[in-house]
Number of protein chains: 2
Amino acid sequence: MRKGEQTRKGIVDKAYLLAGQLGLEGVTLGTLASSLSLSKSGLFAHFKSKEALQLEVLEEAIGRFTRHVVTPALGKPRGLPRLNAMFDGYLSWIRGVSGRGSCLFLSLAHEYDDRPGPVRDRLVESQRAWLDTLAKAVRLAVSEGHLRGTIDADQAAIELVGIGMAYQHATRLLKDPKADKRARAAYDALLQRLRK
Amino acid sequence: MRKGEQTRKGIVDKAYLLAGQLGLEGVTLGTLASSLSLSKSGLFAHFKSKEALQLEVLEEAIGRFTRHVVTPALGKPRGLPRLNAMFDGYLSWIRGVSGRGSCLFLSLAHEYDDRPGPVRDRLVESQRAWLDTLAKAVRLAVSEGHLRGTIDADQAAIELVGIGMAYQHATRLLKDPKADKRARAAYDALLQRLRK
DNA sequence: GACAAAAACGACCGGTCGTTCTTATTCTTC
DNA sequence: GAAGAATAAGAACGACCGGTCGTTTTTGTC
């Protein structure tokens, strides 16, 4: 019972990697199998359907995001330090942990915005959770006295995501060398507005 | 030579419509043909390859964007009126001219950010042009005395695009009823910063 | 080392993909 | 209305899709 789990993990890992470049639909069982030196049927035997595999890959992504971005930020003191850590982590996540591959969530957001089903549902759930996490961090910064009390935390959260999306757009599609600087400047401006 | 052009136009129009929901790769010749009551080969005869069709669809999108967003805005007086018109037009474009279908450019940005080729090249070109158009409108607003002279127009342009992307995210994936309000608030805040 | 269970294999299913032919129909023009 | 070109259809192709099957190899346990 040990070898199976190990292989299964390898499949999900590889699928996660490929999905960052090709989208979840773009990862076919055939190419996934051959890139792992596995037979297609041998690979498929680990999952009930391709959709089940896709859901596992999405879950893997959520786990990685939590580990890479959310948890470290929660280790920081409430208020601006934590918010800063979240934004830094978010940028570094989008930049790609190991260089290649883009943010899976933003890819899937477009891939599934018109495709109903469990994958879309789970994706929406995770995106709302991320927005809530950001908004909560903003509210804590308010209660810590770091930010004004009159601000709209949900508005701030979605603007933060907007900065992240623009960053991805600039860095991955346009190959803009100033992308980092731009994202940072946008964040600083947003913060200044919230502080005032 | 007239019937052909007409059919061809119908194909590109329909393909443009479908691509908004399925992406350019997602539009297959078979489904495209049958949705037009055409045979697959009869449809294909109008193009040398699928990639050629994709490029024509992208060109169609660029033309529509120019007609719906850029040109009307250029009819407005330089400065804030024109910038406002651009932003309004951008939002309405993302919202979908006829209700359904998302912004093709943003879909393609993710679909092709890791897929080299002529489609990607043309897409990047068009996106840079849009950023330049926005930045130029900002600069004109500066020279008209509507905005501060110390601002970074390119920075402002990419932040505008970021607001648009966040808007699309909120409205299409998350079905957030406040999406319009949020985008407007972000724009107002940005404008206030640029004016100060 | 035997033996059952787990895991991987290879062949194959019906379908669809983009593409290429040849053949038939429909236009346009004189 | 006939001639010739433009347009569409039809059939077929090789490759690949997700998925199923029975069989063989590997693995963990006693």
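Heavy-atom basis, side chains included; hydrogens, waters and symmetry copies ignored. Treat the numbers as computed from the prediction; the structure is a model and nothing was measured. We name chains A, B, ... by the order of the sequence lines, and we start the count at 1 in each one.
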Item to complete: Select one nucleotide: of C/dT20, D/dA8, D/dG19, the one nearest the side-chain heavy atoms of B/Phe44.
Response: C/dT20
Worksheet item: C/dA8, D/dA8, C/dT19: which one has an atom nearest the side-chain heavy atoms of B/Ser39?
Response: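 Output: D/dA8.
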What is the distance, rounded to the nearest whole Å, between atom [atom1] of [X] and atom [atom2] of [N]?
X: B/Lys9; N: D/dT7; atom1: NZ; atom2: C1'; result: 19 Å
X: B/Ile11; N: D/dT7; atom1: CD1; atom2: P; result: 11 Å
X: A/Leu38; N: D/dT24; atom1: CG; atom2: P; result: 20 Å
X: B/Leu24; N: C/dG18; atom1: CG; atom2: C1'; result: 15 Å
X: A/Lys48; N: D/dT20; atom1: NZ; atom2: P; result: 12 Å
X: B/Gln6; N: C/dC27; atom1: CD; atom2: C1'; result: 12 Å
X: A/Glu5; N: D/dT27; atom1: CD; atom2: C1'; result: 14 Å
X: A/Glu25; N: C/dT16; atom1: CD; atom2: P; result: 16 Å

How far does [atom1] of [X] sit from [atom2] of [Y], to the nearest 0.5 angstrom?
X: B/Arg182; Y: B/Asp176; atom1: CZ; atom2: CG; answer: 6.5 Å
X: A/Ser49; Y: A/Leu55; atom1: OG; atom2: CG; answer: 8.0 Å
X: B/Leu18; Y: B/Asp13; atom1: CG; atom2: CG; answer: 11.0 Å
X: B/Leu74; Y: B/Thr66; atom1: CG; atom2: OG1; answer: 9.5 Å

Heteroatom pairs (N/O) under 3.5 angstrom, protein to nucleotides 11-17 of chain D:
{"from": "D/dC17", "atom 1": "OP1", "to": "A/Thr28", "atom 2": "OG1", "distance (Å)": "2.5"}

Discussion item. Please classify the nucleic acid contact of B/Leu43 as base, sugar-phosphate, or nothing, using heavy-atom distances under 4.0 Å.
Written reply: nothing
Discussion item. So, does A/His46 get its side chain near the phosphate of C/dA8, meaning an N or O under 4.0 Å from OP1 or OP2?
Written reply: yes
Discussion item. Does D/dT27 have OP1 or OP2 under 4.0 Å away from a side-chain N or O of A/Arg2?
Written reply: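 No, because none of the side-chain N or O atoms of A/Arg2 sits under 4.0 Å from OP1 or OP2 of D/dT27.
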Does [X] come within less than 4.0 Å of [Y], counting only side-chain N to carboxylate O?
X: A/Arg193; Y: A/Glu159; result: yes
X: A/Arg64; Y: A/Glu60; result: yes
X: B/Arg139; Y: B/Asp154; result: yes
X: B/Glu125; Y: B/Arg122; result: yes

Worksheet entry | Rounded to 10 degrees, the angle between the two terminal axes of the helix from C/dG1-D/dC30 to C/dT26-D/dA5, each from five pairs |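 Roughly 10° between the end axes, to the nearest 10°.
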Worksheet item: Using 30° and 60° as the class limits, which term best fits the ring planes of B/Tyr187 and B/Phe87: parallel, tilted or perpendicular?
Response: parallel
